[in-house]
Amino acid sequence: MKIQESGEDYLEAILALKQETGLVHAIDVAHRLGFSKPSVSRAMKLLREDGEITVDADGAIELTDKGREIAERIYERHRLLTLWFTELGVSEAQAAVDACRVEHDVSAETFQRLKEHFSAL
């Protein structure tokens with residue numbers, strides 16, 4: 001099943017928060033993405049049902065292998081696209097916004113070619 005763009009954003013945020021702080025709760029995700037706690041709680045329920053995260057008794061969120069694979073793919077795209085856009089002269093803030101839009105829709109083939117292009121530089 002193809003995960004929706006919003007689900008990818010949540011998984012990417014969980015991965016980034018986990019790397020930054022080591023412990024992730026729904027409120028952290030809400031603050032990071034600028035969403036309400038109820039919206040994030042609903043999304044966490046859906047991600048849990050889809051087997052992409054687990055939530056322990058204390059509310060700590062962990063990515064499953066499935067969730068981590070998706071999050072790492074999106075996060076890699078985000079980082080590379082942001083770099084590409086800034087190399088083209090786009091401000092870092094705008095590059096990050098645009099990368100977030102493009103990261104979900106760029107094909108695997110196109111992204112692979114971008115990676116190869118940057119590796120060759």
Side-chain angles (χ1 to χ4, degrees):
M1 174 190 344
K2 184 179 181 329
I3 187 169
Q4 292 184 349
E5 182 177 322
S6 61
E8 291 175 342
D9 287 339
Y10 280 109
L11 294 172
E12 180 184 12
I14 293 166
L15 177 66
L17 286 163
K18 182 76 173 169
Q19 291 174 347
E20 293 166 12
T21 65
L23 190 62
V24 181
H25 290 90
I27 193 67
D28 304 318
V29 177
H31 287 139
R32 175 124 187 164
L33 296 176
F35 297 151
S36 70
K37 177 83 163 67
S39 294
V40 172
S41 294
R42 171 83 173 124
M44 294 304 104
K45 179 180 184 279
L46 295 173
L47 293 173
R48 193 173 56 250
E49 289 172 353
D50 287 343
E52 293 152 350
I53 65 167
T54 60
V55 181
D56 71 14
D58 294 326
I61 301 167
E62 292 288 340
L63 294 167
T64 63
D65 289 342
K66 177 183 174 183
R68 177 171 296 287
E69 181 181 323
I70 295 165
E72 287 176 347
R73 176 177 47 84
I74 294 301
Y75 192 54
E76 177 187 33
R77 288 173 175 227
H78 184 88
R79 288 190 330 261
L80 182 78
L81 289 166
T82 300
L83 174 65
W84 182 45
F85 294 151
T86 57
E87 290 288 321
L88 293 172
V90 177
S91 71
E92 191 167 329
Q94 187 62 53
V97 168
D98 292 341
C100 193
R101 291 179 179 144
V102 174
E103 69 194 16
H104 303 285
D105 295 323
V106 67
S107 71
E109 178 185 359
T110 299
F111 184 72
Q112 182 59 38
R113 297 300 171 260
L114 282 170
K115 281 176 42 175
E116 291 169 2
H117 176 77
F118 272 100
S119 295
L121 295 179

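Not measured: the values here are computed from a predicted model.
- Side chain of T64 to main chain of G51: a donor-acceptor pair is present (N/O by atom type, distance under 3.5 Å, no hydrogens or angles).
- In this structure, Y75 has no ring pair (Phe, Tyr, Trp, His ring centres under 6.0 Å) partners at least two apart in sequence or on a different chain.
- A distance of 10.0 Å separates CG in L23 from CG in L17, rounded to the nearest 0.5 Å.
- Looking only at distances, a side-chain donor or acceptor of T86 sits under 3.5 Å from a matching main-chain atom of L83.
- In terms of heavy atoms, M44 sits closest to I53 at O-CD1, 3.4 Å.
- Within the structure, salt bridge (charged side-chain N to carboxylate O under 4.0 Å, His left out) pairs that include any residue of residues 12-22 comprise K18-E62, E20-R32 (at least two apart or interchain).
- Contact detail for V40 and A26: the closest heavy-atom pair is CG1-O, 3.5 Å.
- The shortest non-hydrogen separation linking Y10 to S39 is OH-O, 3.9 Å.
- With hydrogens and angles left out, the side-chain atoms of H25 and D58 include no donor and acceptor closer than 3.5 Å.
- The salt bridge (charged side-chain N to carboxylate O under 4.0 Å, His left out) analysis of residues 89-103, with sequence neighbours excluded, yields the pairs D98-R101.
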### Message
I'd like to know whether E52 forms a salt bridge (Lys or Arg N to Asp or Glu O under 4.0 Å) with R68, so could you lay out the CA-CA distance, the side-chain angles of the two residues, the decisive distance to 0.1 Å, and finally the verdict.
### Response
CA-CA 8 Å; E52 293 152 350; R68 177 171 296 287; over 6 Å; no
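- Salt bridge status for R113 with E116: present, with a side-chain N to carboxylate O gap under 4.0 Å.
- A distance of 11.0 Å separates CG in D28 from CG in L33, rounded to the nearest 0.5 Å.
- Around the CD atom of E49, the shell of radius 6.0 Å holds more than 12 heavy atoms that belong to other residues, nucleotides or ligands.
- The heavy-atom pair separating R77 from V106 by the smallest distance is NH1-O, 2.6 Å.
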